[in-house]
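FYI, the numbering just counts along the sequence from 1.
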Amino acid sequence: MNEINREKIVSKLKSIPGLKGIVGSGAGGNSMEAAILLYYAASDSLHPDLDQVISQLADAGSPIDYGIRESGRVGQAIGDCLEGKIKIEHGNGYPFGIVNSSYAAEIHYGRILWETPDRPITKLKEKLLMQGAYPETMRQATIAYFMKEAARAVESGHHAAMQGDIHYASGSFFHAACSWVQVIYALNRQFLLNEKGSVKRANQLPISPKQFRVRVNQIYRYFAANNPKLAYCEIDMLEQEMTALVKKFEEA
């Protein structure tokens, strides 16, 4: 989105009643799902004019990819993260689910394009910074929560694989790998938006198992070749390495 288009889009969108803020996706590889996030107050509902404005922008040659967030819910999610309450819920288009810390990541990476005079998005950014650049309580809770998630997924998947259920086993491994990615990001004090492209990015972080991406991809190949024994040989080694990385973190 270039500067001219951005100004045009923001000018149109900010006129919609009930809108509290417009946030653009952050730069870099860890980018948002949508180019623009629209924040509205919990006491309001987005005005029906939204669809009309989006259509007008598209007709004028400025289509936008956008997402909608309720500012109160985002504030609650950030508050929970700061208290070490990590949660995950089902979400369409997110096979791993939506982790509440992803809302914090959107606020962290997002660029404020416009907000109402009471500065709701700025306040969310300030709230997120209460424990520093990356909340330590959230870091510890994320590591503990997702190491347990990964362990359960590996165990249940192994049992299914030995009974010939490769479908269930490969799905369980996906959950375990996504959980390890959450841990890797937390160990490196990096906010994680969602699972898309996350294995590649986790592989590039300083604190990560060796050749993480290559090994994850190889495990899927073992499952595809109906070779669960080799798959779980590699999975067990990855789990041991993740445990060792977390142990170093705990000792530090």
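Shown are L57, V53, I22; of these, the side chain to side chain contact (heavy atoms under 4.5 Å, CB included) with I9 is made only by L57.
Side-chain N or O atoms of N188 include none that pairs as donor or acceptor with a backbone N or O of V183 at under 3.5 Å. Of the possible donor and acceptor atoms, one in the side chain of R139 sits under 3.5 Å from a partner among the backbone N and O of L187. S71 places a side-chain N or O within donor-acceptor distance of the main-chain N or O of Y40, the cut-off being under 3.5 Å. In terms of modelled atom types and a separation under 3.5 Å, the side chain of Y232 and the main chain of G157 share a donor-acceptor contact. Checked by atom type and distance alone, the side chain of N194 pairs as donor or acceptor with a backbone atom of K196 at under 3.5 Å. For K87 (side chain) and A77 (main-chain N/O), no donor-acceptor pair under 3.5 Å exists by modelled atom type. Under the 3.5 Å distance criterion, the side-chain polar atoms of S11 are left unmatched by any main-chain donor or acceptor of E7. No donor-acceptor distance shorter than 3.5 angstrom exists from the side chain of S102 to the backbone of I98, with no hydrogens or angles considered.
Between Y145 and I88, the closest side-chain pair of non-hydrogen atoms falls below 4.5 Å. L50 has its side chain within reach of L38: a pair of non-hydrogen atoms, C-beta onward, lies under 4.5 Å apart. Residues E234 and Q218 are not in side-chain contact: their nearest non-hydrogen atoms beyond the backbone lie 4.5 Å or more apart. Side-chain contact between E136 and R189 is present, with at least one heavy-atom pair separated by less than 4.5 Å. Using a 4.5 Å heavy-atom threshold, the side chains of L129 and H108 count as separate. L193 has its side chain out of reach of S198: every pair of non-hydrogen atoms, C-beta onward, lies at least 4.5 Å apart. With a 4.5 Å cut-off on side-chain heavy atoms, S172 and V154 do not count as touching. Side-chain atoms of L192 and Q182, non-hydrogen and from C-beta on, do get closer than 4.5 Å to each other.
Side chains of Q76 and D80: a donor-acceptor N/O pair is present below 3.5 angstrom, by distance only.
The number of heavy-atom neighbours closer than 6.0 Å to CD of E155, taken from other residues, nucleotides and ligands shown, is 12 or below. At most 12 heavy atoms of other shown residues, nucleotides or ligands fall within 6.0 angstrom of atom NZ in K12. In K127, the NZ atom is crowded: over 12 heavy atoms of neighbouring residues, nucleotides or ligands sit closer than 6.0 Å. Within a 6.0 Å radius of OH in Y168, other residues, nucleotides and ligands contribute 12 heavy atoms or fewer. Counting non-hydrogen atoms of neighbouring residues, nucleotides and ligands closer than 6.0 angstrom, the CE atom of M237 exceeds 12 such neighbours.
Aromatic ring centres of Y185 and F191 lie farther apart than the 6.0 Å criterion allows. The six-membered or imidazole ring of Y220 lies away from that of F174, with a centre-to-centre distance of 6.0 Å or more.
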(request) Under the side-chain hydrogen bond (donor to acceptor under 3.5 Å, both in side chains) rule, what do E83 and T137 come out as? Steps first, then yes or no, please. (result) CA-CA 6 Å; E83 293 176 6; T137 304; over 6 Å; no
(message) As a quick check of understanding, evaluate side chain to side chain contact (heavy atoms under 4.5 Å, CB included) for N100 and I78, giving each step before the final call.
(response) CA-CA 8 Å; N100 59 346; I78 291 173; over 6 Å; no
(request) Determine, stepwise, if the pair F146 / V99 fulfils side chain to side chain contact (heavy atoms under 4.5 Å, CB included). (result) CA-CA 11 Å; F146 284 107; V99 184; 3.8 Å; yes
(message) Under the criterion side chain to side chain contact (heavy atoms under 4.5 Å, CB included), I'd like the reasoning laid out for R111 against L113: C-alpha separation, chi angles, the key distance, then a yes or no.
(response) CA-CA 6 Å; R111 296 179 296 110; L113 303 179; 3.9 Å; yes
(message) If you apply the rule side chain to side chain contact (heavy atoms under 4.5 Å, CB included), what do you find for Y134 with Q190, and how did you get there?
(response) CA-CA 7 Å; Y134 188 94; Q190 296 290 315; 5.6 Å; no
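When every heavy atom of F223 is checked against every heavy atom of A169, the shortest pair comes out as CE2-CB, 3.8 Å. For the pair L128 and L82, the tightest heavy-atom approach, listed with the atom from each and the gap, is O-CD2, 4.3 Å. When every heavy atom of A141 is checked against every heavy atom of I86, the shortest pair comes out as CB-CG1, 3.8 Å. In this structure, V23 and G110 approach most closely via the heavy-atom pair CG1-CA, 3.5 Å. Residues Q140 and F249 approach most closely at CG-CZ, 3.9 Å, considering heavy atoms. Residues E70 and A41 come closest through the heavy atom pair CG-C, 4.5 Å.
Residues Y222 and L238 are members of separate hydrophobic clusters, defined by side-chain heavy-atom contacts under 4.5 angstrom among Ile, Leu, Val, Met, Phe, Trp and Tyr. Linking Ile, Leu, Val, Met, Phe, Trp and Tyr whenever their side-chain heavy atoms come within less than 4.5 Å leaves L205 and V214 in two separate clusters. Under the 4.5 Å side-chain heavy-atom criterion for Ile, Leu, Val, Met, Phe, Trp and Tyr, F96 and W180 are members of the same hydrophobic cluster. One hydrophobic cluster holds both I64 and I68 under the rule that ILVMFWY side chains link at heavy-atom gaps under 4.5 Å. Transitive grouping of hydrophobic side chains (ILVMFWY, heavy atoms separated by less than 4.5 Å) brings I107 and M130 into a common cluster.
Once rounded to the nearest 0.5 Å, the distance linking OG1 of T142 with CD1 of I184 reads 13.0 Å. The structure places CE of M138 at 10.0 Å from CD1 of I143, a figure rounded to the nearest 0.5 Å. Annotation: the span from S170 atom OG to D165 atom CG amounts to 8.5 Å, rounded to 0.5 Å. For the atom pair CG of L245 and NZ of K247, the computed distance is 12.5 Å after rounding to the nearest 0.5 Å. Atom CE of M242 is separated from atom CD1 of I207 by 10.5 Å, given to the nearest 0.5 angstrom. Rounded to the nearest 0.5 angstrom, F212 CZ and N217 CG are separated by 10.0 Å.
A salt bridge links R73 to E89: one of the charged nitrogens lies within less than 4.0 Å of a carboxylate oxygen. Looking at E115 and K14, no side-chain N of the basic residue comes within less than 4.0 Å of a carboxylate O on the acidic one, giving no salt bridge. Between K20 and D118 a salt bridge is recorded (basic side-chain N to carboxylate O distance below 4.0 Å).
Residues forming a salt bridge (Lys or Arg N to Asp or Glu O under 4.0 Å) with E250 (at least two apart in sequence, or on another chain): none. For R152, the side chain to side chain donor-acceptor pair (under 3.5 Å) criterion is met by E149, not counting sequence neighbours.
Within the structure, side chain to side chain donor-acceptor pair (under 3.5 Å) contacts touching residues 202-214 (residues at least two apart or in different chains) do not occur.
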